[in-house]
Amino acid sequence: MPSTSPPSALPGGWKVGRLLGTGACSLGVYEVSRKGDDRAWCVKFAALPPPSKSKSKKKTLAARNADQLFFEYTLYSNVLTSGLGRWLPDAPGLRDRPYGEVGGLRYLIMELVPFSLWSSLGAGVGVS
C-alpha cells in the first residue's frame, strides 16, 4: 500500500509544498513550484491500487480514483485548453511532466486558480 504522504519532489523539477485541501477522489491537493517559474501551480495525488489477482472486471474505489486523474489530465490537455476560456485551469506542457506516477501515487499538476470552478460557472466568470 502506498504512503499517504506525497513525495517532496516530482519529475520535471517540481517541489511539493503545503497541503491546500483534500477531496473525495484524491489524497490531497498541494502547492507545487519549480525554480524559474513564477506561476501558481498545484498537484493532485491519488493512490494507485495494489495489483489485483482477481478476475473480476469491477474496479476498486482506489482504481477508479486513480483513473479519474488520467481522465482529468486528458480533459485538460486535449479539450479544455482549446480556446474555451481562461476561467479553466491551465496545465504545464508535456515536457514539464504534468502527469505521472511516483511511489505508488498518481499525480496531476495544474494551474492553481484563485476561485472555485463551480462558483465561477454559477457566476458566469470567464464565460462569454
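Residues: numbered from 1 along the sequence shown.
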>> K59: which residues meet the side-chain hydrogen bond (donor to acceptor under 3.5 Å, both in side chains) condition with it, sequence neighbours left out?
In response: D67

> Who pairs with Q68 by side-chain hydrogen bond (donor to acceptor under 3.5 Å, both in side chains), at least two apart in sequence or on another chain?
Replying inline: none

> For the atom pair CE (M110) and CD (E72), what is the distance rounded to the nearest 0.5 Å?
Replying inline: 5.0 Å

>> Under a 3.5 Å distance rule, please check whether R34 uses its side chain to pair with a backbone N or O of G13 as donor and acceptor.
In response: no

> Who are the ring pair (Phe, Tyr, Trp, His ring centres under 6.0 Å) partners of F70, not counting sequence neighbours?
Replying inline: Y99

> Which residues pass the ring pair (Phe, Tyr, Trp, His ring centres under 6.0 Å) test with F45, sequence neighbours left out?
Replying inline: Y30

> Who passes side-chain contact (heavy atoms from CB on, under 4.5 Å) against S33, sequence neighbours left out?
Replying inline: K15

> For A62, which residues count as a side-chain contact (heavy atoms from CB on, under 4.5 Å) partner, sequence neighbours excluded?
Replying inline: P49, T60

>> Is any side-chain heavy atom of V43 closer than 4.5 Å to one of P6?
In response: no

> Do W14 and Y107 touch side chain to side chain, with heavy atoms closer than 4.5 Å?
Replying inline: no

> What pairs of residues pass the salt bridge (charged side-chain N to carboxylate O under 4.0 Å, His left out) test when at least one of them lies in residues 16-25, not counting sequence neighbours?
Replying inline: R18-E31

Where do [X] and [Y] come nearest, in terms of heavy atoms and distance?
| X | Y | value |
| --- | --- | --- |
| L20 | C42 | CD1-CB, 4.0 Å |
| A46 | L27 | C-CD1, 4.2 Å |
| P7 | V102 | CG-CG1, 3.9 Å |
| R106 | L69 | O-CD1, 3.4 Å |
| L48 | A66 | CD2-CB, 4.0 Å |

